[in-house]
K.L.:
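Next up is a structure, given as structure tokens.
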Amino acid sequence: MPLDRISTAAQDGATGPATTDLPPLPDALRQRLADCRSLPSLPAAAARVISIARSPEPRLADYARAIEQDPALTLRLLSMANSAFHARGGNPVTNGLDAVSRIGLDATLTAALSFGLPRPGSGEALEYEYLCQRAVIAASAAQELAQHLCPHEAGQLFTTALLQDIGILALEAVDGERYTDHIPGVRQHQSLVDAELAIYGCDHALVGAWLALSWGVPGPMAAGIIASHGPLIDGDPHSLCLRLSCRIADCWLAADSASAFSALLRQLPSLASLDIVMLMTVMQELQHRLPSLAKLFEITCPPAIDSLHLLAEAKELLFEQNLRMTMRLAEQQRELEALHASHVALDEQHRTDHLTQLANRTWLEKRLDQHFECARAAGQPLSVMFIDLDHFKRINDRYGHRFGDEVLIHFAAALNNMVRESDIAGRYGGEEFLVIMPNTRRQHAGLLADRIREYLATQPLAQADGEALHVTASIGIADLEDGDFDSAASLVDAADQAMYSVKHGGRDGVGHYEEPDPAS
């Protein structure tokens with residue numbers, strides 16, 4: 001049966017539904033339904049109640065007047081209003097207006113529509129008692145599920161679930177024994193649907209929606225009847241309540257209800273919106289309500305289920321569900337840790353010079369921009385140190401670039417050990433290094449420069465031809481207070497200038513930036 005929604009024009013005759021959006025009935029079946037004069041129908045009072053429900057502003061008094069014209073409907077409303085479920089210790093009601101006020105408009109509509117249900121003893125071709133029991137169990141289950149998943153729709157879902165199988169009555173009215181002889185019975189619901197699809201090209205859910213519309217029920221309720229036989233999937237709680245309710249009814253009335261419920265429970269862990277504990281609460285409330293509902297709808301009370309067995313099954317399933325969840329959470333935690341480690345490694349690669357393992361130039365410049373802006377905003381000192389290893393080209397030319405790399409690695413390790421935790425040391429390019437020194441003035445930066453020179457003078461950076469190789473460095477320092485610097489780059493340029501002054505003065509020394517005298 002196609003599920004795409006298309007517009008269906010009004011059918012001929014009083015039994016045809018008004019224009020609404022529904023999947024189309026096969027033409028031959030549609031015409032036979034339109035011509036059938038024995039379709040299930042509602043008493044005139046029930047039809048008036050439905051008409052009032054469809055009006056823009058239904059009033060309780062209008063409902064009461066329509067109901068009181070039909071003694072049978074009035075008796076049913078009074079019985080419902082005075083039941084243990086609705087009365088809850090209140091005084092008995094004796095008229096239609098009070099009954100409607102107590103049970104509400106949704107329940108009033110349900111009572112009216114219940115006249116369309118099969119009546120026990122009305123025939124032998126179908127198991128009418130079973131159909132009515134199934135309808136009442138499904139309606140109550142849908143309402144209880146809705147209290148947890150979509151409370152504002154509980155009343156409508158009760159009515160929709162109550163009517164979900166009325167299409168079976170319509171098909172029997174059209175085809176009689178041809179229908180009943182070719183279906184496997186009403187207890188095997190999926191096999192029943194498959195047989196209907198093979199015979200008519202549609203199932204009783206679509207026919208039931210057509211019949212409901214002919215009674216004048218609201219369009220969303222008819223659409224719910226169609227949706228009630230779909231698969232159990234997460235997403236729309238309205239559809240999930242309907243589809244699960246009819247499966248609960250099938251299990252409740254199965255010959256081996258314990259096995260049937262076990263099979264159903266095994267399908268539920270895949271539904272994230274369903275909680276096993278919540279479902280057990282629904283089942284217990286349903287068992288409590290069914291006797292009064294059976295009396296209200298004048299049917300034999302459905303058999304009680306083995307709640308102890310069901311609870312044990314649910315506990316076992318809940319344990320398995322929790323175990324799977326724990327394992328899934330542990331796996332997700334491992335994945336998160338691996339992802340974090342990968343992210344840290346990638347971030348380290350992104351900001352680290354691959355040879356010296358110090359900060360690379362891109363990262364240095366980014367951090368210096370941040371410290372520069374913070375220092376200027378807070379009025380705090382900031383110094384940078386520019387270091388250039390002297391005569392490094394000679395080392396590469398004489399001993400090779402691999403040897404030069406070894407010298408750079410050893411110097412970088414020594415520099416990293418000498419800077420403070422708050423400082424940032426990095427390779428600026430080639431044999432040039434930069435140290436960012438937050439909250440540090442030039443004289444304190446000079447102390448670090450002196451330690452670097454002393455280390456280089458006493459510690460060789462490599463062994464060349466069996467002899468210790470000592471390297472010197474030219475170091476330039478610029479302090480934020482040394483000039484009117486408009487950017488972090490200009491502060492680095494100042495330290496670079498100070499370093500070149502040392503180079504030009506013979507190398508192996510420390511120079512501090514001095515602001516040029518405008519008068520010179």
Side-chain angles (χ1 to χ4, degrees), residues 352-361 363-365 367-368 382-438 440-465 467-480 482 488-514:
T352 303
D353 175 65
H354 73 281
L355 178 65
T356 64
Q357 300 306 304
L358 296 178
N360 59 29
R361 178 169 179 171
W363 182 249
L364 279 170
E365 291 177 339
R367 295 303 309 275
L368 181 57
L382 172 67
S383 294
V384 296
M385 180 184 297
F386 205 103
I387 306 169
D388 184 276
L389 299 184
D390 296 329
H391 302 299
F392 193 75
K393 185 176 183 303
R394 293 181 187 175
I395 295 174
N396 279 335
D397 290 345
R398 181 174 179 179
Y399 300 108
H401 288 279
R402 188 180 298 276
F403 185 88
D405 287 348
E406 183 181 344
V407 170
L408 293 176
I409 291 170
H410 289 163
F411 175 72
L415 178 63
N416 195 45
N417 286 331
M418 283 186 278
V419 298
R420 300 168 302 180
E421 188 174 345
S422 59
D423 299 335
I424 304 170
R427 186 184 181 193
Y428 202 70
E431 69 275 17
E432 297 174 336
F433 296 83
L434 187 72
V435 182
I436 303 169
M437 309 177 73
T440 304
R441 290 186 168 83
R442 58 189 299 174
Q443 60 269 30
H444 294 101
L447 296 176
L448 174 61
D450 292 339
R451 288 201 303 275
I452 293 171
R453 292 185 63 240
E454 181 181 353
Y455 175 85
L456 293 175
T458 59
Q459 302 293 326
L461 293 182
Q463 294 287 327
D465 298 331
E467 296 182 1
L469 176 66
H470 288 271
V471 177
T472 61
S474 299
I475 302 174
I477 298 172
D479 181 352
L480 192 58
D482 289 339
S490 63
L491 185 62
V492 174
D493 289 342
D496 189 32
Q497 291 177 33
M499 182 272 295
Y500 270 105
S501 296
V502 175
K503 288 278 191 189
H504 295 152
R507 298 181 172 83
D508 188 18
V510 179
H512 292 271
Y513 174 76
E514 298 289 344

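Every value quoted in this text rests on a predicted model; they were computed, and no experiment measured them.
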K.L.:
Does anything in residues 468-477 pair up under side chain to side chain donor-acceptor pair (under 3.5 Å), and if so which pairs, sequence neighbours excluded?
P.N.:
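Counting only pairs at least two positions apart or across chains, the side chain to side chain donor-acceptor pair (under 3.5 Å) contacts touching residues 468-477 are Asp390-Thr472, Asp390-Ser474.
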
K.L.:
Any chance you could measure Lys393, atom NZ, to Arg398, atom CZ, to the nearest 0.5 Å?
P.N.:
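Going from NZ on Lys393 over to CZ on Arg398, the span is 14.5 Å.
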
K.L.:
Would you name the heavy atoms of Val510 and Ala449 that are closest together and state the gap between them?
P.N.:
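Nearest heavy atoms, Val510 then Ala449: CG2-CB, 3.6 Å.
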
K.L.:
Tell me if a side-chain donor or acceptor on Asp482 pairs with a main-chain N or O of Asp479 at a distance below 3.5 Å.
P.N.:
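Yes; at least one donor-acceptor contact below 3.5 Å.
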
K.L.:
Nearest 0.5 Å, please: how far is CG in Asp508 from CG in Leu456?
P.N.:
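That separation rounds to 8.0 Å.
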
K.L.:
Return the CD1 to CG distance between Ile452 and Leu448, rounded to the nearest 0.5 Å.
P.N.:
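Spacing of CD1 (Ile452) from CG (Leu448) equals 4.0 Å.
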
K.L.:
Could you give the distance from CD1 (Ile436) to CH2 (Trp363), rounded to the nearest 0.5 Å?
P.N.:
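Reported to 0.5 Å precision, the distance equals 10.0 Å.
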
K.L.:
Does His444 reach the main-chain N or O of Thr440 with its side chain, forming a donor-acceptor pair under 3.5 Å?
P.N.:
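Answer holds: no.
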
K.L.:
Any non-hydrogen side-chain atom of Val492 less than 4.5 Å from a side-chain atom of Phe386?
P.N.:
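Of all side-chain heavy-atom pairs linking Phe386 with Val492, at least one is under 4.5 Å.
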
K.L.:
Is any side-chain heavy atom of Val471 less than 4.5 Å from a side-chain heavy atom of Phe392?
P.N.:
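They are not in side-chain contact.
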
K.L.:
Between His401 and Asn396, is there a donor-acceptor pair closer than 3.5 Å when you use the side chain of the first and the backbone of the second?
P.N.:
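Answer holds: no.
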
K.L.:
What closest approach, in Å, do His354 and Gln357 show between heavy atoms, and which atom pair accounts for it?
P.N.:
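His354 and Gln357 have their closest heavy atoms at O-NE2, 2.8 Å.
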
K.L.:
Are Leu408 and Leu355 close enough that some pair of their side-chain heavy atoms sits under 4.5 Å apart?
P.N.:
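Answer yes - side chains close enough.
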
K.L.:
Locate the shortest heavy-atom distance separating Pro438 from Leu382; write the atom from each residue and the value.
P.N.:
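Smallest heavy-atom distance, with atoms named: CA-CD1, 3.7 Å.
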
K.L.:
Is the side chain of Arg361 donor-acceptor paired with the backbone N or O of Leu364 at a distance under 3.5 Å, no angle test?
P.N.:
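No, the answer is negative, given that no donor and acceptor are paired below the 3.5 Å cut-off.
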
K.L.:
Return the minimal non-hydrogen interatomic distance between Ala473 and Leu389, and the atom names on each side.
P.N.:
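So the two residues come closest at CB-CD2, 4.1 Å.
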
K.L.:
If you apply the rule side-chain contact (heavy atoms from CB on, under 4.5 Å), what do you find for Val384 with Leu368, and how did you get there?
P.N.:
CA-CA 9 Å; Val384 296; Leu368 181 57; 3.8 Å; yes

K.L.:
Look up atom CD1 in Ile477 and atom OG in Ser383, then write down how far apart they are to the nearest 0.5 Å.
P.N.:
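Reported value, rounded in 0.5 Å steps: 7.0 Å.
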
K.L.:
Which atom names give the shortest non-hydrogen contact between Ala425 and Leu358, and what distance separates them?
P.N.:
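The pair with the smallest heavy-atom distance is O-CB, 3.7 Å.
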
K.L.:
Between Asp353 and Arg427, does any NZ, NE, NH1 or NH2 come within less than 4.0 Å of an OD or OE carboxylate oxygen?
P.N.:
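Result for this pair is yes, salt bridge flagged.
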
K.L.:
Decide yes or no for Leu415 and Ile387: does some side-chain heavy atom of the first lie under 4.5 Å from some side-chain heavy atom of the second?
P.N.:
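Contact flag for Leu415/Ile387 side chains = yes.
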
K.L.:
Applying side-chain contact (heavy atoms from CB on, under 4.5 Å) to Lys503 and Asp388, what does each step give before you reach the verdict?
P.N.:
CA-CA 9 Å; Lys503 288 278 191 189; Asp388 184 276; 2.4 Å; yes

K.L.:
Any side-chain donor-acceptor pair under 3.5 Å between Asp493 and Ser490?
P.N.:
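Absent: no donor and acceptor within the cut-off.
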
K.L.:
Would you confirm whether the ring centroid of Phe411 sits within less than 6.0 angstrom of the ring centroid of Phe433?
P.N.:
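Centroid distance Phe433-Phe411: below 6.0 Å, so yes.
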
K.L.:
Should the heavy atoms of other residues, nucleotides or ligands under 6.0 Å from OH of Tyr500 be counted, would the total exceed 12?
P.N.:
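Count not over threshold, so no.
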
K.L.:
Any side-chain heavy-atom pair from Leu491 and Tyr513 closer than 4.5 angstrom?
P.N.:
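Of all side-chain heavy-atom pairs linking Tyr513 with Leu491, none is under 4.5 Å.
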
K.L.:
Once rounded to the nearest 0.5 Å, what's the spacing between atom NE2 of His512 and atom CE of Met499?
P.N.:
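Answer rounded to 0.5 Å: 14.5 Å.
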
K.L.:
Pair Arg507, His391 - check side-chain contact (heavy atoms from CB on, under 4.5 Å), show working.
P.N.:
CA-CA 9 Å; Arg507 298 181 172 83; His391 302 299; 3.6 Å; yes

K.L.:
Show the nearest heavy-atom pair for residues Ala462 and Glu406, with the distance to one decimal.
P.N.:
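For Ala462 versus Glu406, the nearest heavy atoms are CB-OE2, 4.5 Å.
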
K.L.:
Does any pair with a residue in residues 408-422 pass salt bridge (charged side-chain N to carboxylate O under 4.0 Å, His left out), and if so which ones, sequence neighbours excluded?
P.N.:
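Non-adjacent pairs meeting salt bridge (charged side-chain N to carboxylate O under 4.0 Å, His left out): Arg420-Asp423.
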
